[in-house]
Amino acid sequence: MVEAKKIRVKEIEDVIKKEIVEIKSIDKEDILDQSNIALDLEFDSLDFIELIMYIEKDLSISINDNDFSGEETVKELSQKIYDSYYEKT
């Protein structure tokens with residue numbers, strides 16, 4: 001688990017990539033910051049919900065599913081999570 005007060009966007013990206021590897025069995029090297037989660041990584045809505053659940057667990061946060069579309073890139077999702085949950089800490 002990552003400590004909330006000291007987290008950086010890069011650490012969030014690493015968590016997202018780790019979970020994508022687990023969910024889709026994709027090599028980590030094939031997941032780019034610019035990879036679109038739905039289009040490039042072929043996530044459907046259930047995969048995306050699973051991803052959000054794992055991110056919540058890893059980062060000890062609660063994410064409102066409605067805040068994210070699943071159409072984000074890895075970098076966009078990381079930045080949105082940072083802006084929503086860590087920028088104010």
Side-chain angles (χ1 to χ4, degrees):
M1 235 177 277
V2 181
E3 188 177 328
K5 293 181 182 173
K6 296 182 180 180
I7 197 161
R8 296 184 201 130
V9 174
K10 179 65 179 141
E11 293 170 293
I12 298 170
E13 287 175 18
D14 291 342
V15 167
I16 292 170
K17 289 177 182 180
K18 176 185 81 118
E19 296 305 345
I20 289 171
V21 167
E22 290 295 316
I23 294 168
K24 286 296 199 176
S25 299
I26 298 171
D27 290 333
K28 188 173 182 180
E29 297 78 31
D30 294 335
I31 305 168
L32 307 175
D33 293 344
Q34 304 86 359
S35 296
N36 182 286
I37 294 171
L39 300 175
D40 299 326
L41 303 176
E42 300 180 357
F43 267 59
D44 61 24
S45 59
L46 294 177
D47 292 328
F48 190 72
I49 290 169
E50 185 176 5
L51 176 62
I52 294 297
M53 288 173 33
Y54 284 126
I55 294 168
E56 288 176 322
K57 181 179 176 214
D58 288 348
L59 299 178
S60 298
I61 60 175
S62 179
I63 297 173
N64 181 347
D65 297 347
N66 296 327
D67 291 344
F68 306 97
S69 68
E71 296 291 327
E72 293 90 358
T73 65
V74 171
K75 185 159 192 73
E76 290 168 344
L77 180 59
S78 303
Q79 189 65 53
K80 281 184 175 183
I81 290 171
Y82 179 82
D83 291 348
S84 297
Y85 300 95
Y86 294 103
E87 190 172 54
K88 298 171 190 160
T89 57

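Here, residue 1 is the first one in the sequence, and each next residue gets the next number. What you are looking at is a predicted structure, and each value in this text was computed from that prediction instead of being measured.
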Heavy-atom closest pair (Ser78 atom, Val9 atom, distance to 0.1 Å) is CB-CG1, 3.9 Å
Heavy atoms of Phe68 and Ile81 approach each other most closely as CZ-CG1, 3.9 Å
Apart from Ile49 itself, members of its ILVMFWY cluster (side-chain separation under 4.5 Å) are Met53
Q) Is there a donor-acceptor pair under 3.5 Å between the side chain of Glu11 and the backbone N or O of Arg8? A) yes
inquiry  = Quick check against the 3.5 Å criterion: does Asp44 have a side-chain atom that pairs as donor or acceptor with the backbone of Leu46?
reply    = yes
CD1 of Ile52 to OG of Ser62, rounded to nearest 0.5 Å, is 10.5 Å
### Query
Are there more than 12 heavy atoms of other residues, nucleotides or ligands under 6.0 Å from atom CD of Glu71?
yes
Taken to the nearest 0.5 Å, the spacing of Asp67 CG from Glu72 CD works out to 9.5 Å
Value for CG (Leu77) from CD1 (Ile37), rounded to nearest 0.5 Å, stands at 4.5 Å
Residue set satisfying side chain to side chain contact (heavy atoms under 4.5 Å, CB included) with Ser45, at least two apart, ordered chain then number -> none
Of Leu59, Ile12, Ile61, the one forming a side-chain contact (heavy atoms from CB on, under 4.5 Å) with Tyr85 is Ile61
So the salt bridge (charged side-chain N to carboxylate O under 4.0 Å, His left out) pairs with at least one residue in residues 45-56 (sequence neighbours excluded) are Lys24-Asp47
Side chains of residues 14-22: which donor-acceptor partners sit under 3.5 Å, not counting sequence neighbours?
residue : atom : partner : partner atom : Å
Asp14   : OD1  : Lys10   : NZ           : 3.3
Lys17   : NZ   : Asp33   : OD1          : 2.8
Lys18   : NZ   : Asp58   : OD2          : 3.3

Grouping ILVMFWY residues whenever side-chain heavy atoms fall under 4.5 Å, the cluster of Leu32 otherwise contains none
Side chain to side chain contact (heavy atoms under 4.5 Å, CB included) filter on Asp40, not counting sequence neighbours, yields Ser35, Asn36
OG of Ser84 to CD of Gln79, rounded to nearest 0.5 Å, is 9.5 Å
dist Glu76:CD -> Ser69:OG (nearest 0.5 Å) comes out at 8.5 Å
Closest heavy-atom pair, Tyr54 versus Ile23, reported as atoms and distance to 0.1 Å, is CD1-CD1, 3.9 Å
